[in-house]
Amino acid sequence: MQAIRIKSFTATDGLPMAVLVDEDGTPPFLPNVYATVRYRDRGAALTTTEKVLRTIGMAYMWAHSRKIDIHTALTSETFLSLDQCEDLANFLRMDRAGQDAEAQRSVVAKSQKIIRIEQVRGRMAMSQSTSHASAAEGGYRIQTIARFLNHHHERLCNQVLSSDQKSLKDAREMAIQRLRSLAPKTNNPSQGDPVEGLPEDVMINVEDTFTTGSADNPFKEGFIQARNFLMFRIFSDNGMRRNELRHIRVEDVDYARKRVQARVSKTQARTLVIAQKTADLFREFVRDYWSKIPAKKRGHGYLFITRSGDQMSKSAINLIFETARKGSGVIPDFFAPHTMRRTWNDRLSRKIDALPPEKRMPPEEEKRIRNHNNGWSKNSEMASRYAARSIREKADRIAEELANDIAGKA
């Protein structure tokens, strides 16, 4: 694969789809099946699927430059050697200009059937003058390819490799582990205030800003106010992501059960709760405005649309929040769609803390609830990060009580 590109379109099921194609416009089988099964069919956002495919395309580009048939390597008993994994990791860490230059050098160089560790390290030394992607980006690429290789390794173990070929399985797994180990380490970002939401007194003012007919509402009356208020209420009720919200279809909202489906997700598709007030706003918006848009223009079924019937873009949603905060003297500058997600997590923490001790759930159960609602995997550690405000507030209360106790003894 000398050149790669991503082709995005709307599939027959009405959902966005991305495929990797080569210079001839042909979609290679293994990357596209992997991206479809592991990402798109699990509700990942289009941008996530595109990034995964683009990274896999880099691995195919590396294989082409090294005269390696990667399809054969992944579907037969042959695999990548430890030396080749080191070479691949180095290639993935380069920026695109460096990758193109390295691929070009390999094309004009004499082809060799065996790559030795000395050759790999020689290339690494040569590439030190080549500009590299950031450590975070390089790490992401390497881990993405490691998952891709492991997916096909596990599939091959189930379909081809027999139980008495343990040494061959171990060698493949060792190569994948070696690739993973070459991902650069990055420091975790600060986990302080940036992941905290809004306090309740500010949320009261924010809701008033979005409420239809409010004197503080900066948006035009009618369709725009009704749509924006419904949007705000869904964000407030369940902390849904921006891209999840813009892909909600009218049919995804169950008015009677007060539920909404997040079908298209960066992580996991799921069903979320909405309040009765939000369900009523949904029914009124569809009845009074959405249904009045010409049927041909709203045939896609998306709930959040422009006056002309087009699906709302992510930038348009951002602009709504920007307009709300600029038109208010009390909404903080960092108010954005994701702030609502942080606020929901703060509210969950306060709700749990307010329960009597005998009704309070164990920490692991709280983590499961938080992971499910936010669409995180059961093993995700994001739950602890999004509980940052609750942890800090508890620490402040304990510290204050201790300080008062000490002062009383003085």
Side-chain angles (χ1 to χ4, degrees), residues 189-248 260 262 272-286 288-290 302-308 310-351 373-374 385-390 392-393 396:
S190 171
Q191 296 187 1
D193 290 342
V195 296
E196 296 183 358
L198 300 176
E200 289 304 320
D201 58 338
V202 175
M203 282 297 293
I204 293 173
N205 293 320
V206 173
E207 177 142 0
D208 187 57
T209 298
F210 279 95
T211 299
T212 54
S214 168
D216 295 327
N217 195 316
F219 306 102
K220 294 181 179 179
E221 292 185 7
F223 174 91
I224 301 297
Q225 284 195 2
R227 180 201 65 193
N228 293 356
F229 192 28
L230 175 60
M231 187 181 299
F232 166 80
R233 285 296 316 176
I234 292 179
F235 277 135
S236 179
D237 285 352
N238 51 52
M240 185 180 289
R241 293 184 180 92
R242 175 190 58 179
N243 196 57
E244 293 171 341
L245 179 132
R246 65 184 289 267
H247 280 99
I248 294 175
V260 57
L272 298 169
V273 174
I274 57 174
Q276 183 63 56
K277 177 179 180 178
T278 308
D280 291 339
L281 289 171
F282 161 76
R283 185 174 60 175
E284 293 166 5
F285 174 68
V286 172
D288 298 339
Y289 301 104
W290 192 90
Y302 292 121
L303 174 61
F304 294 108
I305 56 177
T306 64
R307 285 186 181 276
S308 60
D310 296 327
Q311 179 191 19
M312 291 282 290
S313 66
K314 289 184 284 188
S315 59
I317 296 174
N318 288 344
L319 182 59
I320 290 170
F321 278 71
E322 180 183 343
T323 302
R325 68 174 181 261
K326 286 184 175 179
S328 170
V330 293
I331 299 178
D333 292 339
F334 61 85
F335 179 60
H338 205 76
T339 310
M340 302 301 297
R341 187 168 171 83
R342 298 164 184 162
T343 301
W344 184 90
N345 278 278
D346 290 345
R347 284 173 162 174
L348 175 63
S349 297
R350 288 194 288 267
K351 181 71 173 177
N373 197 90
N374 286 281
R385 187 180 182 202
Y386 274 73
R389 177 185 289 276
S390 176
R392 179 175 58 78
E393 289 177 347
D396 288 348

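Note that the numbering runs from 1 along the sequence shown for the chain.
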Undergrad: For S313 and A316, indicate whether the former's side chain and the latter's backbone hold a donor-acceptor pair under 3.5 Å.
TA: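 The answer is yes, because a donor-acceptor pair under 3.5 Å joins these two groups.
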Undergrad: Work out which heavy atom in M312 is nearest to a heavy atom in I305; give both atom names and the distance.
TA: CG-N, 3.7 Å
Undergrad: What are the two closest non-hydrogen atoms of T212 and Q225, and how far apart are they?
TA: CA-OE1, 3.3 Å
Undergrad: Check each of F210, F321, F219, F335 against F232 using the ring pair (Phe, Tyr, Trp, His ring centres under 6.0 Å) test, and report the only one that passes.
TA: F210
Undergrad: Spell out, as yes or no, whether a donor-acceptor pair under 3.5 Å connects the side chain of T209 to the backbone of N217.
TA: no
Undergrad: Can you check side chain to side chain contact (heavy atoms under 4.5 Å, CB included) on Y289 and R227, steps first, answer last?
TA: CA-CA 9 Å; Y289 301 104; R227 180 201 65 193; over 6 Å; no
Undergrad: Any luck finding a side-chain donor-acceptor pair between N373 and N238 under 3.5 Å?
TA: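 No, because no side-chain N or O of N373 sits under 3.5 Å from a partner of the opposite role on N238.
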Undergrad: Would you indicate whether the side-chain heavy atoms of N374 and N345 approach each other to under 4.5 Å?
TA: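 The answer is yes; the side chains approach within 4.5 Å.
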Undergrad: Please check this pair: side chain of T323 against backbone of L319, looking for a donor-acceptor N/O pair closer than 3.5 Å.
TA: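 Here the side-chain-to-backbone pair exists.
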Undergrad: Measure the acute angle between the ring planes of F304 and F285, then classify it against the limits of 30° and 60° as parallel, tilted or perpendicular.
TA: parallel
Undergrad: State, without any angle test, whether R347 and S236 hold a side-chain donor-acceptor pair at a distance under 3.5 Å.
TA: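 Per modelled atom types, R347 and S236 side chains form a pair under 3.5 Å.
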Undergrad: Do you know the tightest heavy-atom contact between I317 and P337?
TA: CG2-CG, 4.0 Å
Undergrad: Determine whether I248 and M240 make a side-chain contact, defined as any pair of heavy atoms from C-beta on separated by less than 4.5 Å.
TA: yes
Undergrad: Minimum heavy-atom separation for P332 to R325, with atom names?
TA: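 For P332 versus R325, the nearest heavy atoms are O-CD, 3.8 Å.
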Undergrad: Using only atom types and a distance under 3.5 Å, with no angle test, would you say the side chain of W290 pairs donor to acceptor with the backbone of E284?
TA: no
Undergrad: Working to the nearest 0.5 Å, report the span between CE of M231 and CG of L303.
TA: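 Here the interatomic distance stands at 8.0 Å.
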Undergrad: CZ/F235 to CG/L230 distance, rounded to the nearest 0.5 angstrom?
TA: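 It comes to 10.5 Å.
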Undergrad: Would you call R233-D237 a salt bridge at under 4.0 Å N-O?
TA: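 Judged by the 4.0 Å cut-off on N to carboxylate O distance, R233 and D237 do form a salt bridge.
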Undergrad: Do N318 and E322 meet the criterion of a side-chain donor-acceptor pair at a distance under 3.5 Å?
TA: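 Absent: no donor and acceptor within the cut-off.
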Undergrad: Kindly give the heavy-atom pair with the smallest separation between P218 and A324, and that separation in Å.
TA: CG-CA, 4.3 Å
Undergrad: Taking atom CD of E221 as the centre, does the number of heavy atoms from other residues, nucleotides or ligands within less than 6.0 Å exceed 12?
TA: no
Undergrad: Kindly write out the residues that satisfy salt bridge (Lys or Arg N to Asp or Glu O under 4.0 Å) with R241, not counting sequence neighbours, or none if the list is empty.
TA: E244
Undergrad: Tell me, yes or no, whether the heavy-atom count around D201 atom CG, taken from other residues, nucleotides or ligands under 6.0 Å, exceeds 12.
TA: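 Counting other residues, nucleotides and ligands, CG of D201 exceeds 12 neighbours.
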Undergrad: Does N205 use its side chain to pair, donor to acceptor, with the backbone of V330 at less than 3.5 Å?
TA: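 Judged by distance alone, no pair lies under 3.5 Å.
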Undergrad: Suppose we screen for side-chain contact (heavy atoms from CB on, under 4.5 Å). Which residues come up paired with N243, at least two apart in sequence or across chains?
TA: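 Partners of N243 by the side-chain contact (heavy atoms from CB on, under 4.5 Å) criterion, ordered by chain and then number, come out as A45, R246, H247, V264, K314.
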Undergrad: Is it true that a side-chain atom of R341 and a backbone atom of G239 form a donor plus acceptor pair closer than 3.5 Å?
TA: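 At least one qualifying donor-acceptor pair exists.
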